[in-house]
> 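I'd like to ask some things about the structure below.
Numbering starts at 1 and runs along the sequence shown. All of these numbers come straight from a predicted model, not from anything done at the bench. Counting starts at 1 for both ligands and their atoms, in listed order.
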Amino acid sequence: MHDQASALRDLVSRNKNKQNKMRVIAVTSGKGGVGKTSFTVNLALALAELGQRIVILDGDLGLANVDIAFGLSARYTIEHLLSGEKTIEQILLSAPRGIEIIPGGSGVQKLANIERDRLTNVIANLGRLEKIADLLIIDTGAGLGHTVMNFLLAADDIIMVITPEPTSLTDGYGLLKSLKQEAGDATIHVVINRVRTETDALATFKRLDTVVNKFLEGSINLLGWVYDDPLVGRSVMQQEPLGIKFPESSAYRCIQWIAGKVAGISLHPPRQAGGVRGFLGKLLRSF
Ligand SMILES: Nc1ncnc2c1ncn2[C@@H]1O[C@H](COP(=O)(O)OP(=O)(O)O)[C@@H](O)[C@H]1O
Ligand SMILES: [Mg+2]
């Protein structure tokens with residue numbers, strides 16, 4: 001077991017000095033149903049419009065539905081990759097604008113708790129993503145589970161989605177609290193979804209920011225907000241993403257604005273070992 005772990009660490013750090021350009025962004029929330037999947041899918045579409053090559057990892061164990069949001073249906077999942085039955089190229093699901101989806105399924109938990117004997121193969125496969133993508137966006141499940149936490153700690157940047165609802169705020173605060181305990185001073189980027197007005201967004205952020213400043217170390221950053229928009233629900237029902245079906249909608253315009261920020265700035269100073277190897281290395285160290 002020890003030998004395997006060190007062999008693995010070697011493998012992970014072998015290309016440390018090479019420029020790994022793929023960033024990993026985890027989208028998360030304290031509470032389910034706040035709009036993570038809608039946001040992730042449309043952020044991917046908006047980033048693709050800006051010329052970024054995107055892969056989405058559907059990492060929600062309970063409600064994996066990135067494929068459904070695109071009107072697609074996954075044939076294989078990361079489970080097939082972990083078992084060695086399929087390669088990464090075989091499980092990728094192609095969506096519009098060059099976006100590729102990695103369906104997670106029950107393999108997600110296994111990935112975050114990687115079986116060490118499978119790891120060489122997984123690294124080799126996921127490493128190939130760096131040739132096809134600039135950005136890996138993970139739609140994590142909600143909450144404080146071990147799997148979600150491992151993904152968050154391994155990502156380069158974390159975007160937390162909340163809504164102005166009091167329960168979303170308290171659950172969001174709970175998630176921040178455990179993240180700060182584990183990740184220290186990492187800045188967490190907050191998106192406020194389903195706001196009525198800009199004032200509503202700013203007031204919601206202020207409520208969260210006040211308790212964070214009072215009780216937690218580090219800070220949170222208001223990345224942006226998305227208006228409550230009936231066209232979001234309609235696009236979900238029609239299984240056609242907002243960014244394709246209703247690109248002029250107020251919600252999608254907000255997401256385009258956020259995508260501009262995500263593409264234009266490095267949310268986080270690049271870490272030495274970035275990319276897939278850095279990500280897996282950190283995932284490994286989190287045990
Ligand atoms: N900005 C928005 N305006 C209106 N409805 C929204 C918005 N964002 C999400 N929703 C609705 O909330 C529901 C849950 O969204 P979803 O993305 O599945 O949440 P999560 O992934 O966090 O569980 C969807 O049915 C969607 O219609
Ligand atoms: Mg979801």
Side-chain angles (χ1 to χ4, degrees), residues 25-46 56-74 77-78 93 95 99 101-106 108-109 137-145 147-148 151-152 158-176 188-201 204-205 222-259:
I25 298 185
V27 177
T28 193
S29 66
K31 174 183 179 288
V34 298
K36 263 186 321 298
T37 301
S38 293
F39 175 75
T40 302
V41 160
N42 290 296
L43 179 69
L45 285 166
I56 303 175
L57 169 58
D58 191 352
D60 192 335
L61 257 176
L63 274 171
N65 46 20
V66 170
D67 55 343
I68 295 167
F70 277 107
L72 302 168
S73 154
T77 71
I78 210 158
L93 197 58
I99 295 168
I101 301 164
I102 307 174
S106 53
V108 163
Q109 198 148 30
I137 307 179
I138 306 175
D139 180 8
T140 76
L144 304 170
T147 303
V148 172
F151 276 128
L152 297 184
I158 300 171
I159 298 178
M160 186 176 87
V161 180
I162 60 169
T163 70
E165 278 186 355
T167 48
S168 161
L169 273 175
T170 44
D171 291 354
Y173 176 75
L175 177 63
L176 282 175
I188 316 272
H189 303 276
V190 176
V191 167
I192 322 226
N193 191 24
R194 310 198 68 162
V195 302
R196 280 171 294 118
T197 59
E198 176 173 342
T199 314
D200 189 17
T204 301
F205 181 73
L222 177 60
L223 185 61
W225 58 84
V226 180
Y227 293 114
D228 190 66
D229 184 339
L231 292 177
V232 176
R234 217 194 292 172
S235 80
V236 170
M237 290 306 291
Q238 297 179 3
Q239 288 183 249
E240 271 192 84
L242 195 70
I244 291 173
K245 186 84 181 169
F246 305 112
E248 304 298 326
S249 61
S250 64
Y252 188 66
R253 282 207 302 266
C254 289
I255 295 173
Q256 285 177 309
W257 163 58
I258 293 169

> With 2.8 Å as the limit, jot down which protein N, O or S atoms are around the Mg ion (ligand 2).
T37 OG1

> Please say whether V34 places an N or O atom under 3.5 Å from an N or O atom belonging to ligand 1.
yes

> Identify which of N193, L231, I68 has a heavy atom lying nearest to atom 9 (C) of ligand 1.
N193

> Which protein non-hydrogen atom lies closest to atom 17 (O) of ligand 1, naming both residue and atom, and how far is it?
S38 N, 2.9 Å

> Y227 versus ligand 1: do any nitrogen or oxygen atoms come within less than 3.5 Å of each other?
yes

> Mind checking whether G35 has an N or O less than 3.5 Å away from an N or O of ligand 1?
yes

> Answer yes or no: does an N/O atom from V226 fall short of 3.5 Å to an N/O atom of ligand 1?
no

> Treating D228 as the side-chain partner and R196 as the backbone partner, does any N or O pair qualify as donor plus acceptor under 3.5 Å?
no

> Can any side-chain N or O of D229 pair as donor or acceptor with the backbone N or O of S250 at less than 3.5 Å?
yes

> Does D229 reach ligand 1 with a nitrogen or oxygen that is under 3.5 Å from one of the ligand's nitrogen or oxygen atoms?
yes

> Backbone, side chain, both or neither: what part of V161 comes under 4.0 angstrom of ligand 1, heavy atoms only?
neither

> Work out whether the distance between some heavy atom of S29 and some atom of ligand 1 is less than 4.0 Å.
no

> Do any nitrogen or oxygen atoms of D139 come within less than 3.5 Å of a nitrogen or oxygen of ligand 1?
no

> Do any heavy atoms of F39 fall under 4.0 Å from ligand 1?
no

